[in-house]
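Single-structure report; data block below.
Quick caveat, the model's predicted, so the values are computed rather than measured. So you know, we letter chains A, B, ... as the sequences are listed, proteins then strands, and number each from 1.
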Amino acid sequence: TVGAVALDGHGHLAAATSTGGYTAKPAGRVGDSPIIGAGTWADDRTCAVSGTGKGELFIRLAVGHDIHARMLYAGQSLEDAAGGLIHGELAALGGGAGLCAVDRSGNVTLPYNTGGMYRGWIRGDEVYVAIHED
Amino acid sequence: MTRPVLAIHGGCGAIPRADLTPEVNHAARSALRRALQAGYALLISGASAADAVAEAVQIMEDDPVFNAGHGAALNRDGVHELDASLMDGESGRAGAVAGARRIRNPVRVARALAEAGDPLLLIGSAADAWAASHGFDTVDNAHFTTPARVAALHTMLERERLGTAQGATEQEKHG
């Protein structure tokens, strides 16, 4: 699974996700990537999110929308909302998971609970790319 | 004006550090950089966030390192079924495809469905047909296959036969 989130020069957010699913999945099985509110979410009031990992859990927890809701209704930061789900509910359910997210102020978070996640961000002259801790 | 930013992921099924060869390490990092630079170039030229995320994801769909598009995982029948979506935070519009088998770049079709507004989500051969009728590249399913995914499928089916599928790594499952 691959994904991207962006904040543009006009202050608008967007998210996109694309995947082949997982190896040896049943024919016809669909995960969270095409499910808006689960693997993909964007709302200018809060954040943009793209997820990766055990799709069935992202759907059950409506992860993308839940991060948005924790920010909009509970006033949580992006980092707390996203990290809370990845290291909290998703980890507790035993789901390998990760995501990239950006908020309306341009803060970025890239949490994951597996051994590594291909990830990166770019802002001005700064480019960050990592797989494991680095 | 806001200071633009773009962030990406290439999947959390990263190869365990011990198994990461210098070649794969380099290939993955350079692909991530290319995706970031392509999307960010659009942002600093004034394009929208939706343009930037579609561009970055397409770069990764076309790179065999990642489980999407060319290099996607195989289902248990040895077929690629691709899922993708895009959501625009300004308008709330969204588009998605699921179970597509012939769309070269599913994220592009998801973007077009977001602009169309309705239908939002198309599945299977209907998604493939909509893409073709709206001018998007369609290819044979074999276009998405790589030797690494064929090997992963055999490994996973063998694990199932031996009853060890639970022990599969994120990398074996997702690549």
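Proximity to chain A (any heavy atom under 4.5 Å) is shown, for B/Ala100, by neither the backbone nor the side chain. Heavy atoms closer than 4.5 Å to chain B are found in the side chain of A/Leu110, but not in its backbone. B/Leu20 touches chain A through its side chain: at least one heavy atom from C-beta onward sits under 4.5 Å away, while N, CA, C and O do not. For B/Val97, the part sitting under 4.5 Å from any heavy atom of chain A is the backbone (N, CA, C, O) and nothing else. Looking at A/Val5, both its backbone and its side chain come within 4.5 Å of chain B, counting heavy atoms on both sides. Heavy-atom distances place both the backbone and the side chain of A/Ala27 under 4.5 Å from chain B. For chain A, the nearby parts of B/Asn25 are the backbone and the side chain; heavy atoms of each come within less than 4.5 Å. Both the backbone and the side chain of A/Val129 come within contact range of chain B, judged by heavy atoms closer than 4.5 Å. Contact of B/Ile44 with chain A is not made at all, since no heavy-atom distance falls under 4.5 Å.
For the pair A/Arg123 (side chain) and B/Arg3 (backbone), a donor-acceptor distance under 3.5 Å is absent.
In terms of heavy-atom pairs under 4.5 angstrom with chain B, the leader among A/Ser33, A/Ala101, A/Gly98, A/Gly120 is A/Gly120. Interface check for chain A: of the options B/Val53, B/Leu86, B/Leu43, the most heavy-atom pairs under 4.5 Å are formed by B/Val53. The greatest number of non-hydrogen atom pairs below 4.5 Å with chain A, out of B/Leu74, B/Asp83, B/Asn75, is found for B/Asp83. Here A/Pro34 is the residue among A/Gly124, A/Pro26, A/Pro34, A/Ser105 with the most heavy-atom pairs under 4.5 Å with chain B. The candidate with the highest count of non-hydrogen atom pairs below 4.5 Å against chain B, out of A/Gly39, A/Cys100, A/Cys47, A/Gly28, is A/Cys100. Most heavy-atom pairs under 4.5 Å with chain A, from the set B/Leu32, B/Leu82, B/Asp88: that is B/Leu32. Chain A forms more heavy-atom pairs under 4.5 Å with one residue of B/Gly46, B/Ala52, B/Ala68, B/Ala72 than with any other, namely B/Ala68. Among A/Ile122, A/Asp43, A/Thr17, the residue making the largest number of heavy-atom pairs under 4.5 Å with chain B is A/Ile122. Note on A/Gly11, A/Ala6, A/Gly64, A/Gly31: by heavy-atom pairs under 4.5 Å with chain B, the leading option is A/Ala6.
The shortest distance between side-chain heavy atoms of A/Asp66 and A/Leu61 does not fall below 4.5 Å.
Side-chain contact of B/His80 with B/Thr145: a donor-acceptor pair under 3.5 Å is present, judged by distance alone. Judged purely by distance below 3.5 Å, without hydrogens or angles, the side chains of B/Ser85 and A/Thr40 pair a donor atom with an acceptor atom. Counting only N and O atoms by type, the side chains of B/Asp62 and B/His70 include no donor and acceptor under 3.5 Å apart. Checking A/Ser50 against B/His9 by side-chain atom types alone, a donor-acceptor pair falls below 3.5 Å.
Smallest separation of non-hydrogen atoms from A/Leu13 and B/Ala49: C-CB, 3.8 Å.
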(message) Between A/Arg70 and A/Asp80, is the salt bridge (charged side-chain N to carboxylate O under 4.0 Å, His left out) condition met? List the steps.
(response) CA-CA 9 Å; A/Arg70 292 179 186 205; A/Asp80 289 348; over 6 Å; no
(message) Apply salt bridge (charged side-chain N to carboxylate O under 4.0 Å, His left out) to residues B/Glu160 and B/Arg76 and explain how you reach the verdict.
(response) CA-CA 11 Å; B/Glu160 284 185 13; B/Arg76 58 186 311 97; 2.8 Å; yes
(message) Could you go through B/Arg102 and B/Asn141, starting from their C-alpha distance and side-chain angles, then the distance that decides it, and tell me whether this counts as side chain to side chain contact (heavy atoms under 4.5 Å, CB included)?
(response) CA-CA 6 Å; B/Arg102 300 176 51 82; B/Asn141 196 255; 5.8 Å; no
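Side-chain heavy atoms closer than 4.5 Å link hydrophobic residues (I, L, V, M, F, W, Y) into clusters, and following such links, even through other members, never connects A/Ile86 to B/Ile8.
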